[in-house]
Amino acid sequence: MTSLLNFVYTNISDIARSASLFNTLSTFHTSKSSSKLSHNFTNNNEIHTSAARTSALLSTSIGFQLNPINITSYRLASTNSTWNESSLPDKIKSLDEYKALYDLSINDPERFWKMAAEHLDWYRFPTKIKNTEFDYRTDRGVDIKWYEDGILNVCYNCLDRHIDHDSSASKQVAVVFEPDTPTETRHHVTYGELLRDVKKFANVLKKHGVKKGDRVTVYMPMVVDACVALLACARIGAIHSVVFGGFSASNVAERISDCDSTVVITSDFGLRGGKCSPLKSKIDQALKMKQCSNVRTVLVFERNYGNNADVKDACSDQRGTLEWKEGRDFWAHKEMETVNENCPPEKMNAEDPLFILYTSGSTGKPKGIVHTTGGYLTYTSLTFKYIFDYNPGDVYMCTADIGWITGHSYIIYGPLSNRATTVVFEGVPTYPDVSRFWNVVDKHQVNIFYTAPTAIRSLMAHDDKYVTKTSRQSLRILGSVGEPINSEAWKWYHSVVGDGRCPIIDTWWQTETGGVMITPIANAWELEPSSATLPFFGIKTQLFDKSTKKPLTPPNTGELCIQDSWPGQARSLYRNHERFVDVYFKQYPGYYFTGDGCEIKKNGYHCITGRVDDVLVISGHNIGTAEVEAALNEHAGVSESAVVGYPDKKKNQGMYCFVVLKDDTKESEELRKDLIKSVRNTIGAHVNPDVIHFTPDLPKTRSGKIMRRILRKIVEPDTSNLGDISTLTDPSIVKELIKKSPRTKHS
Ligand code: 6R9
C-alpha cells in the first residue's frame, strides 16, 4: 500500500511539474494578454496545435523525447520547489507558487492544513491536525478527523470576528439581496445588521428549546433570512438540514423524519421566475404525514418582511390564506421582537457536525451527507479565497440555491468567512428576460460571478444582444460548477459574457467533498475549455481502470478517485456509516471513489467526463454519454442535449439523444441527419445515435442537473414508475417527452 501511495503521489507531483514546463516553454500558454487568451480559445484546432507545438519544443529544449505515457520520465530535479514560509500566502499568483505549495500540501499535510487553519479564529487552536483512515479493511475502518481537539464557532468566524478585528466591518455590506422582481425594494444587509439578526434568531431557536446537536430542518426561498437561519443554527451548535425549496411535501417529510428534526424553519412564500411557491403550505402537508409527528415548532419568516404589505406580486392573492396551527406555528419576525440581542456563540469541537445535506442516491433513498465544523470551514474558506482570487471589496455572486452544497459553501460559509460581499439572488436567469444575470451584474457591480453550465447553455441559445447590450465591465472572474461545461458553452461564456478578458474557473467538486477539489486558480495558470485543470492543495487524484480496477498512469481516462483525506470532506452519512463506506470506499480500497470519470491529459489537466454510470455499451463499445452530448452541443444549431441508452436485443443498448435547439434553429429531417453525421465525425463511425428527439426543454432539477434517471425511464420505456418528479423546474416537460417519444408510441 505504502509503495503504491508513493508511486501515485510522485506521478501527480510530476504532472504539476510538467504542466509548469509546458507553460514555460510555450509562447501560447504563457500568454496572459487578453487578446492572446481569446485567440487561444477561439477554436479547438489551435489548442491542439499549441499543445503539439509545446511538445515539440519540450523535446528539443530538454534533449529527450516526451513520452506521453510515462510522465515520470521527464521529471526535472531543478523543479523541486519547497515552501519556506511559516504561513500561507495571500494569493497564488503562478503555477510555480502553486507547485511549491501543492508539494507541501501533499508531503506534509499537517503543516499545510495547520497554516490553513490559522486563517480562522479558534477558541482553542488544534494541536492534532489530521487523523484519518480511508481503508475499510483496517481495524479502525474508514474514519476521518481533522483538527479534532480544536474549538471554534462557524458563525463567529463568518460574522463577529470581522467586526472584532476591525469595527468598520459592521458597516460593510455582507449580503446584497436581489429579489425575483427587479423593481421590488432590495436590501443591503451589513455585517453588523446580519450579526444582530442572527443573534436574535438564535435566541428564538433557544426559546423554542433548540440545543447544541439538535437537527433543524430549513425549507426556505433564496432570501437573506435563509442566511440568518443557517448562521443562527451554527451559532448555537444546532445542525441544519436544508431541504431545497422545490422539493415536494413528501420529500420534505422524508428528510425531516430521517434526521429527526423537531423544529422546522420556513417562509410563508417564495418567489421565483414570477411564480409563487407556497412553502409554508407544503410544510403543513408534510407535517400531516405520520413520520413527522415529532415536529413541535414551525418558525415562519415572512417573505415580504412585514413592511411591504401592499406590494403586488404573484403571492399577493394567497397572503392571508395560510393555515396556522396555534402552539406550533410562529412568525419569526414576531418572535425576534421578544428576545434580546445578546447571544454568545457556542464553543464547538472541530468535529461536531455543522450540517446535514441530503443528496440523491442511486437507490432512491437520499443520503444525509454530514459535514463537520473545523475542517469544513477551513476548506471552504481557503478555496474561496484562492480560486476566485478574492480581493477585499469585491462583490461576489453565486447563482446556486441555498438548498444545494454550492449555496452552503460558496454563498454563505466561504464568502462570509472571508468578509466578502455576497449577492443572494432569488430569481432565475430568464425572468423577466434573458438579460437578467447581466443586468444584476451591472446593478450590483459584481466582480466574481459563479454559475452552472446549464444556465450558460440556456442563455446562449438566445441572441448575443441580450448579453452585449449590458456593460459587464465590473466582471473580473467567471466560475462554473455542477456539470461538465462543453467547450462551446465555455467559449461563449468566455468571449461573449467575459468579453475575452475574464478567466473561467471550472470547479469540479461534490456535495460529499464540501468544497472545490479540481480547479484553476484565477490568473495563476492558463486555461483550456472544458478542463477543471489541476487539483487543489491537498488533493491527490488517481485514475483507475473500470474493469481491471488497476491504477492508471496519466495521460489516461478512467474512474476518478482521491487518495487521501482533505479537511472539507463529508465524515459520514447521517446515522448510516456503513452506507457511507459502501458507496465511497469499497470500490477502490484505500481511496475515496467519486463516481465520476476523468481524463488526465499530458499537461496534467483534468477533464471530467461525467458520471461513470452514464456509460453506454453498444455493440461492445463503451461510449460515454457525456462525449456524445459534447459532440451534439458543438453543432451550431444545438443549445443542449442529453443522451441515454435503452435496451436493444441486437446491440445491447441503443442510443437515444434528446436535443434542445437554439431559438433560431428549426427542427428538420436534414438537421437530424446532420447531427448524426457530426457525432460520427467527432467520436467515430462506431457511434451512431439511433434516435434524435427534438424537445424545447429537458427535465432538470433546479440545481441545473439533467435528470437522466427520468429520461432513461421514458426511453426504456417504463413510464408507469417515474418516481417523484416534483423536484423538476418544469415537471410538465415529462409528459411532453413521453408523448413525442417514438419508443412510447411503438411499445
Ligand atoms: C458541487 C456540485 C456533484 C456532481 C459531480 C459531477 C458533477 C460538478 C462539475 C461536475 C464536471 C464540473 N460536477 N461540478 N462535472 N465539471 N466542474 O455540483 O455538487 O450536486 O453533489 O454534484 O456534479 O458529476 O460528481 P453535487
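In this structure a side-chain-to-backbone donor-acceptor pair under 3.5 Å is missing from Thr513 to Trp509. Side-chain atoms of Tyr493 come within 3.5 Å of backbone atoms of Gly479 as a donor-acceptor pair (strictly under, hydrogens ignored). The backbone N or O of Glu326 lies less than 3.5 Å from no partner atom in the side chain of Asp329, so there is not a single donor-acceptor pair. No donor-acceptor pair under 3.5 Å is formed between the side chain of Asn418 and the backbone N or O of Ala420. Thr262 contributes no side-chain N or O that, together with a main-chain N or O of Arg296, makes up a donor-acceptor pair within less than 3.5 Å. A donor-acceptor contact shorter than 3.5 Å is absent between the side chain of Arg457 and the backbone of Ala489. Between the side chain of Ser495 and the backbone N or O of Lys491, at least one donor-acceptor pair lies under 3.5 Å. Side-chain atoms of Glu178 never come within 3.5 Å of backbone atoms of Phe425 as a donor-acceptor pair (strictly under, hydrogens ignored). With hydrogens and angles ignored, the 3.5 Å screen pairs a side-chain donor or acceptor of Tyr379 with a backbone N or O of Val516. Panel note: side chain His371, backbone Thr511; a donor-acceptor pair is recorded below 3.5 Å.
A cation-pi arrangement is present between Arg255 and Phe247 under the rule of less than 6.0 angstrom and at most 45 degrees off the ring axis.
Distance OG1/Thr338 to NZ/Lys200: 9.5 Å, rounded to 0.5 Å. To the nearest 0.5 Å, atoms NZ (Lys385) and OG1 (Thr380) are separated by 13.5 Å. Note that the CG atom of Leu195 and the CD1 atom of Ile163 stand 5.0 Å from one another [nearest 0.5 Å]. Distance CG/Leu478 to NE2/His494: 8.0 Å, rounded to 0.5 Å. Note that the CD1 atom of Ile256 and the SG atom of Cys292 stand 4.5 Å from one another [nearest 0.5 Å]. Here the SG-CD1 distance, from Cys227 to Ile411, works out to 7.5 Å after rounding to the nearest 0.5 Å.
Comment: Glu193 does not engage Lys171 in a salt bridge, judged by the lack of any side-chain N to carboxylate O separation of less than 4.0 angstrom. Salt bridge annotation for Arg472-Asp442: absent, with no cationic side-chain nitrogen under 4.0 angstrom from a carboxylate oxygen. No salt bridge links Lys334 with Glu302; every basic N to acidic carboxylate O contact stays at or beyond 4.0 Å. A salt bridge links Asp160 with Arg235: the closest approach of a Lys/Arg side-chain nitrogen to an acidic carboxylate oxygen falls below 4.0 angstrom. Comment: Asp313 engages Arg319 in a salt bridge, judged by a side-chain N to carboxylate O separation of less than 4.0 angstrom. A salt bridge is absent between Asp180 and Arg303; no separation between the charged side-chain nitrogens and carboxylate oxygens falls under 4.0 Å.
Between the side chains of Tyr574 and Arg215, a donor-acceptor pair is found at a separation under 3.5 Å. Checked by atom type, the side-chain pair Tyr219/Lys282 shows a donor-acceptor distance below 3.5 Å. Side chain to side chain, Asn447 and Ser474 fail the donor-acceptor criterion of an N or O pair below 3.5 Å. Counting only N and O atoms by type, the side chains of Thr519 and Thr507 include no donor and acceptor under 3.5 Å apart. At a cut-off of 3.5 Å, with distance as the only test, no side-chain donor of Lys740 or Thr695 sits close to an acceptor on the other residue. Using modelled atom types, one finds no donor on one side chain facing an acceptor on the other under 3.5 Å when comparing Thr181 with Tyr431. Remark: the His162 side chain and the Gln172 side chain contain no N/O donor-acceptor pair separated by less than 3.5 Å. Side chains of Lys705 and Thr454: no donor on one and acceptor on the other come within 3.5 Å.
A distance of 6.0 Å or more separates the ring centres of Phe658 and Phe694. Remark: aromatic rings of Tyr358 and Trp404 are distant, center separation not under 6.0 Å.
Classification of the Phe355-Tyr413 ring pair by plane angle, with boundaries at 30° and 60°, yields parallel. Relative ring orientation between Phe384 and Tyr390 is described as tilted, the plane-to-plane angle lying within the 30° to 60° band.
Take Ser639 and apply the side chain to side chain contact (heavy atoms under 4.5 Å, CB included) test, not counting sequence neighbours, and it matches Ala461, Val660, Lys662. Under the rule for a side chain to side chain contact (heavy atoms under 4.5 Å, CB included), the partners of Val300 that lie at least two apart in sequence or sit in another chain are Thr266, Asp268, Lys280, Val298, Trp324, Trp331.
Among Leu475, Thr468, Thr470, Ile504, the single residue meeting the side-chain contact (heavy atoms from CB on, under 4.5 Å) criterion with Val497 is Leu475.
In terms of heavy-atom proximity, Leu279 sits nearest to Gly270 at CD1-N, 4.2 Å. Considering every non-hydrogen atom in both Ser471 and Asp499, the closest pair reads O-OD2, 4.3 Å. Nearest heavy atoms, Met222 versus Asp401: CG-OD2, 3.4 Å.
Under a cut-off of 6.0 angstrom, the local environment of NZ in Lys275 is sparse, with at most 12 non-hydrogen atoms contributed by other residues, nucleotides or ligands. Within a 6.0 Å sphere centred on NZ of Lys288, other residues, nucleotides and ligands contribute more than 12 heavy atoms. The neighbour count for Lys207 NZ, taken as heavy atoms of other residues, nucleotides or ligands under 6.0 Å away, is above 12.
You'll find the side chain of Met397 stays beyond 4.5 Å of the side chain of Ile448, heavy atoms only. Taking 4.5 Å as the limit, every side-chain heavy atom of Thr297 sits out of range of all side-chain heavy atoms of Arg328. At least one side-chain heavy atom of Leu377 sits less than 4.5 Å from a side-chain heavy atom of Ser417. At least one side-chain heavy atom of Pro699 sits under 4.5 Å from a side-chain heavy atom of Leu711. The shortest side-chain heavy-atom distance between Leu354 and Ile239 does not fall under the 4.5 Å cut-off. Side-chain atoms of Arg501 and Arg476, non-hydrogen and from C-beta on, never get closer than 4.5 Å to each other.
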Phe301 and His333: side chain to side chain contact (heavy atoms under 4.5 Å, CB included), yes or no, with the steps? CA-CA 7 Å; Phe301 281 97; His333 63 281; over 6 Å; no
Test side-chain hydrogen bond (donor to acceptor under 3.5 Å, both in side chains) on Thr422 and Tyr410; report intermediate values, then the result. CA-CA 9 Å; Thr422 180; Tyr410 299 109; over 6 Å; no
Can you check side chain to side chain contact (heavy atoms under 4.5 Å, CB included) on Phe244 and Thr701, steps first, answer last? CA-CA 10 Å; Phe244 171 58; Thr701 64; over 6 Å; no
Check against ring pair (Phe, Tyr, Trp, His ring centres under 6.0 Å), Phe437 and Phe449: CA-CA 9 Å; Phe437 272 176; Phe449 180 82; 5.2 Å; yes
Run the side chain to side chain contact (heavy atoms under 4.5 Å, CB included) check on Asp225 and Ser267 step by step: do they pass? CA-CA 9 Å; Asp225 292 328; Ser267 176; over 6 Å; no
Could you walk me through whether His188 and Phe177 pass ring pair (Phe, Tyr, Trp, His ring centres under 6.0 Å), step by step? CA-CA 6 Å; His188 284 201; Phe177 176 58; over 10 Å; no
